[in-house]
S.K.: 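Please find one structure pasted underneath; my questions will follow.
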Amino acid sequence: MEIFNNHKKLYLLASVLFVLLTLFVALLPALDNQAKIQPLPDEIPLSDAAVRGKQVFIANGCVACHSQQVRNVEMDRKWGGRPSMSADYAGNKRIDVWTNTATLMGTERTGPDLTDIGTRQPSIDWHLVHLYNPRIVVKESIMPAYPFLFDYKQNPTDTDVVVAVPEGMMKPGKGQVVASQEALDLVAYLQELKQAKLPEATVAPEFLYPLKEATATTTGGTQVVDTGVDGKNLYMTNCATCHQANGEGLAGAFPPLKNSPIVMSDNLQLFVDIILNGYDARGEYGVMPAVGTNLNWTANEVTAIVNYERNNWGNQAPQVSVEEVQQIMDYINQIKEKK
């Protein structure tokens, strides 16, 4: 074992082993994966604004608290429509020669997973308010605020994007809050983080513990519709950030659902249409995006949301059935196809 007494030979052997291990454990498998795994056909490359926003995302250390990977476990169902696959990341490239941050998988979930955030939360108004001060929309949030991404103007121009900050959160005398280009680029990146649809022949791993089938039961003479979907969880995941967990919304930003005439109305078609296709009829509030359409919600999911919102925070209205909602959704889709 003369080699252990000769430091030159020992260093040489260690170097050769290091190179071989790097080659066979890291480089060759990576090149093989790169050759075999291709981006999904419907994947849309990031726009120029989103590429700039990705750099803002990196510069502010967002990757430390947010992951971008949906696992095939029930607790991850809220983040995406399906578990993540290697193909979801195949289209990511190096930012430049010196910076290899192609896939921002994150380190932990101190904050929500961002894999499909562009689908779950497409509203630019919400994202800008959230960046300005996360506590405005999520009181329990521990995310830092990024006010340096915004400017203050007494008289914003038509080209300025004014942020719908509630009056109580404005800084007196400074004027209105206006998004900087960096803030807009960052939001563009977040809005473009979407799961691409799988080709018809591709089967993704299923989430564990699938949901039960929809049923209807009767309790105390009142029919309780069981859609197989947790309406509260669906609301808290997709709606509470704007309308708040207590349904009271945010004055000057997002409307309340508590005692809302639309929520409580007998005009179920209008309510379902808003859930599916959004709403922009009140200038004092931010625009509601087409949440249901963006998330491809089924009649079971829309029914669960409707019944939850109509029977919480003091709201009391008759529950609706999946069949009723399905008929309305079919009618709305027919109208859209004719336009």
Side-chain angles (χ1 to χ4, degrees), residues 37-46 50 66-92 103-106 109 111-124 126-127 187-214 227-242 272-278 288-309 322 325-326 329-330 332-333 336:
I37 301 172
Q38 299 299 319
L40 294 169
D42 290 338
E43 180 182 320
I44 301 175
L46 294 177
H66 293 284
S67 55
Q68 291 187 32
Q69 181 184 26
V70 181
R71 302 162 299 181
N72 64 332
V73 293
E74 180 67 17
M75 65 182 292
D76 276 17
R77 182 187 292 272
K78 67 176 83 173
W79 306 132
R82 58 171 173 79
S84 296
M85 303 173 64
S86 300
D88 291 325
Y89 312 105
N92 293 337
T103 303
L104 302 177
M105 301 295 286
R109 288 182 179 174
D113 185 275
L114 299 179
T115 299
D116 206 29
I117 187 64
T119 303
R120 298 198 314 269
Q121 186 53 270
S123 169
I124 184 174
W126 184 89
H127 281 294
V187 171
Y189 172 65
L190 296 173
Q191 289 181 309
E192 293 184 29
L193 290 179
K194 299 180 180 180
Q195 282 187 321
K197 293 183 179 179
L198 297 179
E200 291 184 3
T202 304
V203 179
E206 295 184 0
F207 287 105
L208 302 180
Y209 316 114
L211 298 176
K212 56 187 177 181
E213 296 296 325
T227 63
V229 180
D230 185 345
K232 179 178 181 180
N233 182 58
L234 206 60
Y235 176 84
M236 296 302 293
T237 301
N238 301 285
C239 312
T241 48
C242 290
V272 172
D273 192 20
I274 290 173
I275 292 173
L276 291 176
N277 301 311
M288 176 177 169
V291 178
T293 298
N294 292 334
L295 292 171
N296 296 313
W297 274 352
T298 64
N300 291 51
E301 291 168 313
V302 174
T303 305
I305 278 283
V306 168
N307 286 334
Y308 178 78
E309 293 180 3
V322 176
V325 171
Q326 184 65 68
M329 290 175 65
D330 292 340
I332 291 172
N333 288 332
K336 288 176 66 176

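The first residue of the sequence shown is numbered 1, and numbering continues consecutively from there.
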S.K.: Are the side chain of Asn72 and the backbone of Pro83 linked by a donor-acceptor contact shorter than 3.5 Å?
M.R.: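 Side chain of Asn72 to backbone of Pro83, a donor-acceptor pair under 3.5 Å: no, none is there.
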S.K.: Testing the basics here: between Glu43 and Pro39, what is the closest heavy-atom pair and its distance to 0.1 Å?
M.R.: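 Reported closest heavy-atom pair: OE1-CB, 3.6 Å.
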S.K.: Can you tell me if Gln68 uses its side chain to pair, donor with acceptor, with the backbone of Leu114 under 3.5 Å?
M.R.: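 Side chain of Gln68 to backbone of Leu114: no pair is present.
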S.K.: Trp297 and Met329: which non-hydrogen atoms are nearest, and at how many Å?
M.R.: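 Closest approach of Trp297 to Met329: O-CE, 3.6 Å.
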S.K.: How would you list, by chain and number, every residue that makes a side chain to side chain donor-acceptor pair (under 3.5 Å) with Asp330, sequence neighbours excluded?
M.R.: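 Testing Asp330 for side chain to side chain donor-acceptor pair (under 3.5 Å), a comparison that skips the adjacent residues, returns Gln326.
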S.K.: Return the minimal non-hydrogen interatomic distance between His127 and Leu190, and the atom names on each side.
M.R.: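 Residues His127 and Leu190, closest heavy atoms: ND1-CD1, 3.8 Å.
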S.K.: Flag the pair Glu301 / Leu234 as yes when at least one side-chain heavy-atom distance between them is below 4.5 Å, and no otherwise.
M.R.: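 Touching, per the 4.5 Å side-chain cut-off.
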S.K.: Measure the shortest side-chain to side-chain distance between Val70 and Gln195 over non-hydrogen atoms and say whether it is less than 4.5 angstrom.
M.R.: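 In contact.
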S.K.: Does any part of the side chain of Leu276, heavy atoms only, come nearer than 4.5 Å to the side chain of Ile332, both counted from C-beta?
M.R.: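 Yes, close enough: below the 4.5 Å cut-off.
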S.K.: Can you tell me if Thr119 uses its side chain to pair, donor with acceptor, with the backbone of Asn294 under 3.5 Å?
M.R.: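 Side chain of Thr119 to backbone of Asn294, a donor-acceptor pair under 3.5 Å: no, none is there.
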S.K.: Grab the two heavy atoms, one from Ile305 and one from Gly231, that are nearest each other, plus how far apart they are.
M.R.: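 Of all heavy-atom pairs spanning Ile305 and Gly231, the closest is CD1-O, 4.2 Å.
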S.K.: Return the minimal non-hydrogen interatomic distance between Gly81 and Phe207, and the atom names on each side.
M.R.: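 Heavy atoms of Gly81 and Phe207 come nearest at O-CE1, 3.8 Å.
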S.K.: Does any non-hydrogen side-chain atom of Cys242 lie less than 4.5 Å from one of Met288?
M.R.: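 No, their side chains stay 4.5 Å or more apart.
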S.K.: Looking at Asp88 and Arg82, does any basic side-chain N land under 4.0 Å from a carboxylate oxygen?
M.R.: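 Looking at Asp88 and Arg82, the cut-off is met.
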S.K.: How long is the span from the CZ atom in Arg120 to the OG1 atom in Thr237, to the nearest 0.5 Å?
M.R.: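 Here the interatomic distance stands at 8.5 Å.
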S.K.: When rounded to the nearest 0.5 angstrom, what distance separates CG in Asn233 from CZ in Arg77?
M.R.: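 Rounded to the nearest 0.5 Å, the CG-CZ separation comes out at 10.0 Å.
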S.K.: Output all residues satisfying salt bridge (Lys or Arg N to Asp or Glu O under 4.0 Å) with Arg71, sequence neighbours left out; order by chain, then residue number.
M.R.: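 Salt bridge (Lys or Arg N to Asp or Glu O under 4.0 Å) check on Arg71 returns Asp76.
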S.K.: Can you name the residues that form a side-chain contact (heavy atoms from CB on, under 4.5 Å) with Ser67, not counting sequence neighbours?
M.R.: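 Ser67: side-chain contact (heavy atoms from CB on, under 4.5 Å) contacts with Arg109, Asp113.
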S.K.: Output all residues satisfying side-chain contact (heavy atoms from CB on, under 4.5 Å) with Ile44, sequence neighbours left out; order by chain, then residue number.
M.R.: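 Partners of Ile44 under the side-chain contact (heavy atoms from CB on, under 4.5 Å) test: none.
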S.K.: Do Ile37 and Met85 pass the side chain to side chain contact (heavy atoms under 4.5 Å, CB included) test, and can you show the C-alpha distance, the side-chain angles, and the key distance before you say yes or no?
M.R.: CA-CA 10 Å; Ile37 301 172; Met85 303 173 64; over 6 Å; no
S.K.: Go through the structure and list residues passing ring-ring contact (aromatic ring centres under 6.0 Å, His included) with Tyr308, not counting sequence neighbours.
M.R.: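 Tyr308: ring-ring contact (aromatic ring centres under 6.0 Å, His included) contacts with Tyr235, Trp313.
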S.K.: Drop me the distance from Ile117's CD1 to Leu193's CG, to the nearest 0.5 angstrom.
M.R.: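 The CD1 atom of Ile117 sits 8.5 Å away from the CG atom of Leu193.
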S.K.: So which atom in Pro122 and which in Gln191 form the shortest heavy-atom distance, rounded to 0.1 Å?
M.R.: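 Answer, listing the atom of Pro122 first, then Gln191: O-NE2, 2.7 Å.
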S.K.: Could I get the full list of side-chain contact (heavy atoms from CB on, under 4.5 Å) partners for Ser123, not counting sequence neighbours?
M.R.: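 Here the qualifying residues are Gln121, Asp125, Trp126, Pro289.
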